[in-house]
Amino acid sequence: MSRAADAFAAPLLAWFDAHGRHDLPWQHPRSPYRVWLSEVMLQQTQVRVVVPYFERFVDALPTVAALAAAPLDDVLALWSGLGYYARARNLHAAARACVTQHGGDLPRDFDALVALPGVGRSTAGAILAQAWGDRFAILDGNVKRVLARYHGVDGWPGQSAVEKRLWQLAREHLPRSRLADYTQAQMDLGATLCTRHSPACGDCPLRPGCVAHAQGRSDELPTSRPGKTLPTREALLLLLLDAEGRVLLQRRPPTGVWAQLWSLPEARDEAEARDWFARHAGAGFDGGETLQAIPHVFSHYRFVMHPRRWQGVVATPCVRDDDDLRWVPPAALRELGIPAPVRRFLEASTAMRDNGRHASWAARPSSSGDPP
DNA sequence: AACACGGGGTA
DNA sequence: TACCCAGTGTT
C-alpha cells in the first residue's frame with residue numbers, strides 16, 4: 001500500500017516481466033486446481049523436484065472430480081518419492097470436500113479454502129491470488145527471506161513474533177493489481193536472485209531499498225534455525241520373498257512417518273522380528289540373510305534400517321492378501337505408494353536378484369549381500 | 001509455542 | 001556433515 005508498495009511491488013513486477021518464470025507447467029493452463037496442486041507439492045519441496053511429479057499427477061488426475069474419485073492408494077502412488085505424505089492424504093480429502101461442499105471445484109473464498117485439509121494461510125492466499133487475481137498475501141520461505149532482508153528483520157522466522165511481523169509486511173506490500181504476477185514474482189525473486197546463499201544483489205530490483213544490503217547483512221538474514229543434533233533410531237526390515245519372487249508388503253499405520261504407505265514389515269529388535277516371523281512364516285527365522293544397512297535422514301531424526309531377507313517363504317494361513325498385508329510381484333511395485341529409501345532397496349534387491357533358485361535359503365556372506 | 005512430518009539439493 | 005527448501009496439522 002501507499003509508498004511502500006510503489007518502492008517494492010513496482011520494481012519487482014518490472015523485473016518479473018523481464019526475468020521471471022513464465023513457463024512453469026502449472027501456468028499453462030492456470031486453473032484453480034492446477035495452482036492448488038502445484039502449491040501443495042511446492043510446500044517444502046523445490047521446483048525442480050516438483051515439475052515431473054506435477055505433470056504425472058495432472059495427467060493421471062486432471063480435475064478435482066477425478067482426484068476425488070480416485071482411491072487413496074493411487075494418489076499415494078503418484079506422490080511416492082515426494083515426501084510429507086500427509087500432503088497427499090489431505091489433498092485427497094480436500095478434493096472430496098470440494099465435491100460434497102463446493103460443487104466440485106475449489107471455493108473462491110479464503111475461509112473456505114483454509115478450512116480444507118492441507119490448506120493454510122499461505123496456500124489459500126496463493127490460490128486466490130494466482131488463480132483469480134484476488135488481493136491476498138502469501139508467506140512462504142522465499143517471501144520470508146526477501147522480506148527479512150529487505151526490512152532487516154532479525155530473528156528466526158519460525159518464531160511466532162518474527163512470523164507475525166513478516167505477515168504484516170507481506171500484507172502492506174500488496175499492490176492493487178496484477179496479484180497473480182506479483183505472487184509469482186516474489187517466489188521467483190527468492191528462488192533465483194535472493195537465494196539463501198550468495199544472493200545476486202547486483203541484479204536485484206529491490207536493492208535500492210534493501211536494509212540487509214545497505215548494512216552488509218544479506219548473508220546473515222534471515223536468521224538461521226537454532227542448531228540441534230538429530231537422534232538416531234534403528235529398526236529391522238523383513239524382506240520375505242516367496243517361490244515366485246513376490247514380496248510381502250505391509251501397510252503402515254495411519255499416523256507417524258510414512259503413514260498409510262506400503263513398506264516392508266518392520267521390527268524394533270531381534271525378538272520382535274523373530275516373533276513376527278514365527279507368526280507369519282513359521283520356522284526358518286535363523287535362515288535369513290542380513291543385508292547391508294539402509295541409512296535415511298528425516299528432518300527430525302536419523303533412521304537406520306537393517307534388512308534381513310528370506311527367500312522361498314511359504315506363508316502361514318494367517319498371511320493373506322488383505323487391506324494391510326499383500327504379496328506383491330516386483331512389476332507391481334510401481335503402482336504402490338512406497339517410501340523412497342524402501343523403494344530403492346526393493347528395486348535393487350529384486351532387479352539384482354540372480355533368479356536365485358540355486359541355494360535359496362543357503363546363507364550368503366552378509367557383507368557381500370545385495371547392496372540397497 | 002513446540003513439535004511432527006520426507007526427500008533431494010548444496011556448500 | 002549440516003543446513004536449506006513455494007507449510008500445515010497436532011498437541
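Here is the naming used below: chain letters follow the sequence lines, and residue numbers restart at 1 for every chain.
For an aromatic pair to be called close, the ring centres must be under 6.0 Å apart, and A:Trp79 with A:Tyr84 fails this. Between A:Phe298 and A:Trp258, the distance from one ring center to the other falls under 6.0 angstrom.
Which of B:dA1, C:dG9, C:dC4 sits closest to the side chain of A:Arg196 comes down to C:dC4. When the nucleotides C:dC5, B:dG7, B:dC5 are ranked by their closest atom to the side chain of A:His300, B:dC5 comes out on top. In this structure, the nucleotide among B:dG7, B:dC5, B:dG9 sitting nearest to the side chain of A:Arg48 is B:dG9. With B:dC5, C:dA6, B:dG8 as the choices, the nucleotide that has an atom nearest any side-chain atom of A:Val47 turns out to be C:dA6. In this structure, the nucleotide among C:dG7, B:dA1, B:dG9 sitting nearest to the side chain of A:Gln43 is C:dG7. The listed nucleotides are C:dA6, B:dG7, B:dC5; the one nearest the side chain of A:Arg21 is C:dA6.
For A:Leu82 and B:dC5, the CG to C1' distance is 14 Å, given to the nearest whole Å. Distance CE (A:Met41) to C1' (C:dA6): 13 Å, rounded to an integer number of Å. A:Glu220 has its CD atom 14 Å from the P atom of C:dC4, to the nearest Å. The separation between A:Arg121 atom CZ and C:dT8 atom P is 10 Å, rounded to whole Å. Rounded to a whole Å, the NZ atom of A:Lys228 is 8 Å from the P atom of C:dC3. Following rounding to the nearest Å, A:Asp219 (CG) and C:dC4 (P) show an atom-to-atom distance of 13 Å. One can place OH of A:Tyr301 at 9 Å from C1' of B:dC5, the figure rounded to the nearest angstrom. Remark: C1' of B:dG6 and CZ of A:Arg89 are 12 Å apart, rounded to the nearest angstrom.
Among the atoms of the strands shown, only primed sugar atoms or phosphate atoms (P, OP1, OP2) are found under 4.0 Å from some heavy atom of A:Gly81. Residue A:Leu24 is classed as a base contact, given a heavy-atom separation below 4.0 Å to a base. A:Ser224 comes within 4.0 angstrom of sugar-phosphate atoms only, judged by non-hydrogen atoms across all strands, and of no base. Across all strands, A:Arg302 comes closer than 4.0 Å only to sugar-phosphate atoms, never to a base (heavy-atom distances). Contact annotation for A:Arg145: backbone-only contact, meaning every heavy-atom pair under 4.0 Å involves sugar-phosphate atoms and none involves a base. Residue A:Thr123 is classed as a sugar-phosphate contact, given heavy-atom separations below 4.0 Å to backbone atoms only. Counting non-hydrogen atoms under 4.0 angstrom, A:Gln184 reaches a base of the nucleic acid. Counting non-hydrogen atoms under 4.0 angstrom, A:Thr45 reaches a base of the nucleic acid.
Dashed line: the shortest gap from a side-chain N or O of A:Arg87 to OP1 or OP2 of C:dA6 is not under 4.0 Å. Using a 4.0 Å cut-off, no side-chain N or O of A:Tyr53 falls inside it from OP1 or OP2 of B:dG7. In this model, the phosphate group of C:dA6 is not approached by any side-chain N or O of A:Trp26 to a distance below 4.0 Å at OP1 or OP2. Between A:Gln44 and C:dC5 there is no side-chain N or O to OP1 or OP2 distance below 4.0 Å.
Between A:Gly158 and A:Pro339, the residue anchored closer to the 5' end of DNA chain B is A:Gly158, taking for each the nucleotide with the nearest heavy atom. Along DNA chain C, the nucleotide nearest to A:Val114 and the one nearest to A:His197 differ in position, and the one closer to the 5' end is contacted by A:His197. The residue among A:Val297 and A:Gln159 whose nearest nucleotide of DNA chain B lies closer to the 5′ end is A:Gln159.
Nucleotides B:dC5 and C:dA6 have their P atoms positioned 23 Å apart, rounded to a whole Å. Straight-line distance between the P atoms of B:dG9 and C:dT8: roughly 24 Å, to the nearest whole Å.
Residue side chain A:Ser299 does not reach the base of B:dG7 through any donor-acceptor N/O pair under 3.5 Å, judged by distance alone.
Side-chain contact check for A:Arg165 and A:Gln168: at least one donor-acceptor pair (N or O, by modelled atom type) lies under 3.5 Å. In summary, the side chains of A:Arg145 and A:Thr195 do not present any donor paired with an acceptor at a separation below 3.5 Å, with no hydrogens or angles considered. Defined by atom type and a distance below 3.5 Å, a donor-acceptor pair is present between the side-chain atoms of A:Arg196 and A:Ser224. A:Gln43 and A:Thr123 form a side-chain donor-acceptor contact under 3.5 Å, judged by distance and modelled atom types alone.
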**OP:** Evaluate the criterion side chain to side chain donor-acceptor pair (under 3.5 Å) for residue pair A:His22 and A:Gln27; output intermediate values, then yes/no.
**Re:** CA-CA 7 Å; A:His22 301 86; A:Gln27 295 174 320; over 6 Å; no
